[in-house]
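Here the structure comes first, spelled out in structure tokens, and everything after it is commentary.
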2 protein chains.
Amino acid sequence: MAEYRALRQKYTILEMIKTPELACEVTLQPINAFDLDAAIIFADILPPLEGMGLQLEFVKGEGPLIHNPIRTKADVDALIVQPPQETLHFTLDAIRLARQELDTRSIPLIGFAGAPFTIAAYAVEGGSSRNFTQVKGLMMEQPNVWHDMMMKFSEVVGHYLQAQAEAGAQVLQLFDSWVGALAPQDYREFVQPYSRRAIEIAKQAGVPIIHFGTDTSGILEDLRNAGGDVIGVDWRIDLDVAWQRLGDDVAVQGNLDPVALFAPWPELKRRVQHVLDRAAGRPGHIFNLGHGILPQTPVDNVKRLVEFVHEYTAS
Amino acid sequence: MAEYRALRQKYTILEMIKTPELACEVTLQPINAFDLDAAIIFADILPPLEGMGLQLEFVKGEGPLIHNPIRTKADVDALIVQPPQETLHFTLDAIRLARQELDTRSIPLIGFAGAPFTIAAYAVEGGSSRNFTQVKGLMMEQPNVWHDMMMKFSEVVGHYLQAQAEAGAQVLQLFDSWVGALAPQDYREFVQPYSRRAIEIAKQAGVPIIHFGTDTSGILEDLRNAGGDVIGVDWRIDLDVAWQRLGDDVAVQGNLDPVALFAPWPELKRRVQHVLDRAAGRPGHIFNLGHGILPQTPVDNVKRLVEFVHEYTAS
């Protein structure tokens with residue numbers, strides 16, 4: 001969006017996240033532009049790592065970098081677990097500000113955090129990764145160090161989510177973007193206990209929790225078993241197949257391929273309709289993209305999509 | 001392997017692929033080093049694109065580049081469909097040479113080709129891709145152009161595989177490495193017919209066909225329905241779950257995470273055992289990695305893995 005790019009000319013991503021007024025402003029931009037059913041707080045999954053002692057930088061064109069990645073037992077021992085009120089107060093403040101505005105329009109606010117595995121992937125790799133060799137290496141070669149690290153991440157993530165709800169977020173989302181890189185057995189043994197722990201802590205706030213991952217067709221039941229009232233799926237599985245596997249106890253969020261938003265409207269519409277038809281009007285379907293919106297996505301298509309989803313599901 | 005790196009000091013990848021004596025030599029390197037049950041011809045999935053008129057280069061540190069990527073109807077119309085005997089004779093010659101050597105050791109030779117979608121991904125993106133925006137864009141925005149292009153790819157790939165079997169390959173493998181980027185509906189509508197067509201042509205040679213993809217948990221049945229005697233799966237699904245979904249009519253290849261080869265032997269062994277236990281001695285399991293072996297993989301671990309698989313499955 002042009003409004004967002006205008007702000008990005010003046011501030012870095014971290015400056016925007018750490019200035020509650022700016023984070024609140026960006027949170028409201030999509031709400032002002034589209035007839036959305038919910039807002040999501042402008043934040044990022046990586047600032048919790050800063051509070052733990054890692055040096056985070058967003059490098060233009062390269063994405064996030066961690067200058068002191070975790071590789072050893074000493075690195076894990078050095079990770080600090082602090083209350084989110086001390087290290088992530090800016091996002092909690094942004095939530096409070098955004099809620100004041102959103103309440104006047106009766107739009108709920110979603111808070112979020114990266115799941116333990118996904119933030120571990122950044123923390124250990126030192127940035128984005130193709131094969132996740134370092135993070136899986138730590139997991140396979142130093143399982144005790146791994147478990148200590150994941151325990152710390154699950155505490156930080158869980159309490160961060162809980163604090164977001166206490167600050168005003170009415171729904172919480174746990175993002176496990178890279179969990180699909182794992183073999184199911186590794187997920188169950190090295191990751192699931194920590195996602196479960198984070199969700200258990202967050203649940204104390206008493207708001208619904210969306211548990212989202214990409215590439216999760218091979219671990220869908222395992223991911224659900226870690227917790228969450230809503231399971232988010234990407235576009236790589238038919239929505240009805242996913243829901244059948246997940247069972248009636250959970251709601252489902254998804255699952256349009258974000259690339260479809262670049263298509264001409266009739267083709268995009270056909271694809272949105274396809275997702276909605278697979279949900280078949282079942283209560284508990286939250287229409288969404290299967291992953292984050294891509295840069296350069298045509299804004300007009302987003303607008304028409306939101307209108308069409310409302311129209312089609314109302315009929 | 002050191003022997004391979006020594007050759008790569010002197011020749012580019014394309015020089016090695018296009019010189020049958022060198023391609024044969026590299027094909028035999030793993031056979032000489034490990035007690036493997038089969039050899040795979042040293043080749044690449046992209047040279048067929050050269051024969052169709054695309055300019056291919058392997059750039060150090062960047063991977064493959066196509067200097068004139070396909071974007072328009074005119075680009076697709078310009079694609080030349082020629083017999084593999086004219087454009088890919090070097091690999092057919094390498095197969096003939098390798099067979100002479102392998103026959104003396106009673107080791108079968110596997111030929112292979114990239115599946116239509118995976119080579120389309122390179123041809124349209126112009127190289128590797130993260131979100132496959134260009135290739136999906138062509139598919140969504142210009143479906144007629146897409147279908148014409150995929151028809152050409154399926155013909156080229158199918159006849160190339162058939163020619164490899166006629167030159168001596170005793171098994172054929174169709175690699176659909178990037179197919180997991182697709183929504184199931186897109187796979188069925190825009191890709192499956194062309195994988196099926198390629199396999200139907202290749203089948204005329206009368207040798208078994210392995211149909212492999214990564215990230216296929218969401219489309220496993222659809223992939224199987226496109227054909228193949230063996231379905232190759234990556235590590236993102238439990239082998240027994242995959243096999244149950246695939247049914248008894250097909251054999252299954254897989255499915256160790258290639259990153260596990262970096263682990264200390266006891267941990268690697270535990271993971272290999274896990275895969276074999278899930279296969280549970282069922283006839284028709286071909287043990288393999290879930291995707292290509294990674295650079296810097298410790299050679300000793302490969303050796304021990306091969307020995308252990310033989311030992312464990314013999315007992």
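Since we're looking at a predicted model, the values are computed, not measured. Below, chain A is the first sequence line, B the second, and so on; all start at residue 1. Note: hydrogens, waters and symmetry copies are ignored here, and every other heavy atom, side chains too, is used.
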### Query
Which atoms of B/Q142 come close to chain A, meaning under 4.5 Å heavy atom to heavy atom: side chain ones, backbone ones, both, or neither?
neither
### Task
Go through B/D215, B/N131, B/D234, B/V233 and name the one with the most non-hydrogen pairs under 4.5 angstrom from chain A.
B/D215
#### Entry: When B/P143, B/G290, B/A260 are compared by non-hydrogen pairs under 4.5 Å with chain A, the top option
B/A260
### Query
Heavy-atom distance under 4.5 Å between the side chains of B/R236 and A/L182, does that happen here?
no
### Query
If contact means a heavy atom pair closer than 4.5 Å, which residues of residues 217-225 of chain B contact chain A?
B/S217, B/G218
### Query
Considering heavy atoms only, which positions within residues 262-281 of chain B lie below 4.5 Å of chain A?
B/F262, B/A263, B/P264, B/E267, B/R270, B/R271, B/H274, B/R278
### Query
If you look at every heavy atom in A/A181 and B/W235, which pair is closest and at what distance?
O-NE1, 2.8 Å
### Proximal to chain A - members of residues 292-300 of chain B, heavy-atom separation under 4.5 Å
B/L294
### Task
Give the intermediate values and the outcome of side-chain contact (heavy atoms from CB on, under 4.5 Å) for residues B/L261 and A/M140.
CA-CA 10 Å; B/L261 277 162; A/M140 294 179 190; over 6 Å; no
### Query
What residues of residues 241-259 of chain A sit under 4.5 Å from chain B when you count only heavy atoms?
A/R245, A/D257, A/V259
